[in-house]
Amino acid sequence: MAKILVTGGAGYIGSHTVYLLLKNGFDVTVVDDLSRGHMHNVPLKRLRELRLQDTEALVDLCDTVKFDAVIHFAAYIAVGESTEQPELYFSNNVGGSLSLFTAMRETGVRRLVFSSSAAVYGTPKEVPVSEDAPIAPVSPYGESKAMVERMLRWLDEYSGLRSVSLRYFNACGAEPGSGLGEEHEPETHLLPLVLRAVLTGEPVTVFGDDYATPDGTCIRDYIHVSDLARAHILAVEKLLEGAPSDTLNVGTGRGYSVMEVLRAVEKVTGKKVPYKIGPRRAGDPPELVADPGRLKRTLGWEPEYTDLERIVATAWEFEQAKKENK
Ligand code: UDP
């Protein structure tokens, strides 16, 4: 079975992908510095704790294991933090990626799936967004992803590195029974914050209700993390078959507003969500929904979770289990 190196495999989306890779019989090694990821997300014998910037250590590892491909998640993801510390984001996300690509070149690993983001589009002019939409990030985080994508285009041309960049929309939910779920510290994402509001009684803030959308709140494309993880496996398999480089949106194509998310949580939990309306958050586009047509055509991918309440139910199960284990 193919040997896959997963960087950032102790994080939220990375660990779900590792879980699915192992289930499908892949030979997986995880590299994570555990600065944001969690040791408990990965089987210990699979984990190598090291920094991506440590090119020498990566070369050693790649020389020893002889990976067939890399799935590269390791990055910082908080948009707000990236506006406060842009240097940190360029150093970690761009510098870390360059170090990885250098080690891959030195050791002849020529297949990569890259964890990109819909943040590369900034505020798109047309929705649903296709991959041909202009790249116009509005945060250092989005720019860091766009820079790596651009780097990959040149490495494809002059270095023979074949890659698939997956532009994620809003990942959420948890794989039932896996023990994995969303655990960012601090948490900034809507669904876990809404679920915590239910559990603690502390109101969640809705960032703006005066957008030009039907209920005034922002619309996003919420995709279940297991559907997202599966896109990585299909992408890596395709690359291993010899497919050319590509860039693909990963979303469901269906948008929900913030208020619709709150209502879905109320249905699933049977409890009222305490919330207040706050000001808009800087850099939030009113509507961000994927056109996933290209992903469906090239990888034969279809989402298993098409219903928001089912997605919410998996996240709720995880939050409750976490509370019981505390
Ligand atoms: N949001 C909100 N309150 C929060 C967190 C998020 O109203 O405490 C909104 C945010 O403005 C956006 C949506 O929820 O419209 C999803 O935000 P999130 O941070 O989860 O993901 P993003 O879209 O930024 O990737």
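What's counted below: heavy atoms across the whole structure, side chains too, no hydrogens, waters or symmetry copies. Atoms within each ligand, like the ligands themselves, are counted from 1 in listed order.
- With a 4.0 Å heavy-atom cut-off, ligand 1 is reached by no atom of Leu191.
- For residues 119-128, every residue pair satisfying the side chain to side chain donor-acceptor pair (under 3.5 Å) rule, not counting sequence neighbours, is listed here: Tyr121-Arg167, Tyr121-Asn249.
- For Val258, every heavy-atom contact with ligand 1 shorter than 4.0 Å involves the side chain, none the backbone.
- What sits closest to atom 21 (O) of ligand 1 on the protein, heavy atoms only, is Asn170 ND2, 3.0 Å.
- The main-chain N or O of Gly181 is never found under 3.5 Å from a side-chain atom of Lys322 such that the two would form a donor-acceptor pair.
- The residues Asp291 and Lys296 are annotated as not salt-bridged, no charged nitrogen and carboxylate oxygen being separated by less than 4.0 angstrom.
- Atom CD of Gln320 sits in a crowded spot, with more than 12 heavy atoms from other residues, nucleotides or ligands closer than 6.0 Å.
- The salt bridge (charged side-chain N to carboxylate O under 4.0 Å, His left out) check on Asp33 picks up nothing, with sequence neighbours excluded.
- Residue-level proximity to ligand 1 for Thr188 is carried by the backbone, the only part with a heavy atom below 4.0 angstrom.
- Among His184, Arg220, Arg281, the residue whose heavy atom lies closest to atom 23 (O) of ligand 1 is Arg220.
- When side chains are defined from C-beta on, Phe90 does not count as touching Asn92, because their heavy atoms never get closer than 4.5 Å.
- Of the candidates Arg294, Arg162, Lys238, Arg297, Asp246 forms a salt bridge (Lys or Arg N to Asp or Glu O under 4.0 Å) with just one, namely Arg294.
- With respect to atom 11 (O) of ligand 1, the closest heavy atom belonging to the protein is Asp284 OD2, 2.6 Å.
- Looking at Val204 next to ligand 1, no N or O pair under 3.5 Å apart turns up.
- The pair Asp54-Arg51 fails the salt-bridge criterion, with no side-chain N (NZ, NE, NH1 or NH2) lying under 4.0 Å from an Asp/Glu carboxylate O.
- Under a 4.0 Å criterion applied to the non-hydrogen atoms of Val206, ligand 1 contributes the atoms 7 (O).
- On a distance-only criterion, Leu193 and ligand 1 share no N/O pair closer than 3.5 Å.
- Taking the ring axis of Tyr256 as reference, the NZ or CZ atom of Arg220 does not stay both within 45° of it and closer than 6.0 Å to the ring centre.
- Using a non-hydrogen distance threshold of 4.0 Å, Tyr222 registers as a contact of ligand 1.
- For the pair Asp156 and Arg153, the salt-bridge criterion is not met [side-chain N within less than 4.0 Å of a carboxylate O].
- Of the listed residues (Phe207, Tyr275, Tyr256, Tyr211), the one carrying the non-hydrogen atom nearest atom 5 (C) of ligand 1 is Phe207.
- Below 4.0 Å from some heavy atom of Thr205 lie the following atoms of ligand 1, by number and element: 2 (C), 3 (N), 4 (C), 7 (O), 8 (O).
- Residue Cys218 has at least one heavy-atom neighbour below 4.0 Å for each of these atoms of ligand 1: 15 (O).
- The protein non-hydrogen atom at the shortest distance from atom 20 (O) of ligand 1 is Leu190 N, 2.8 Å.
- Ligand 1 has no N or O atom lying under 3.5 Å from any N or O atom of His189, backbone or side chain.
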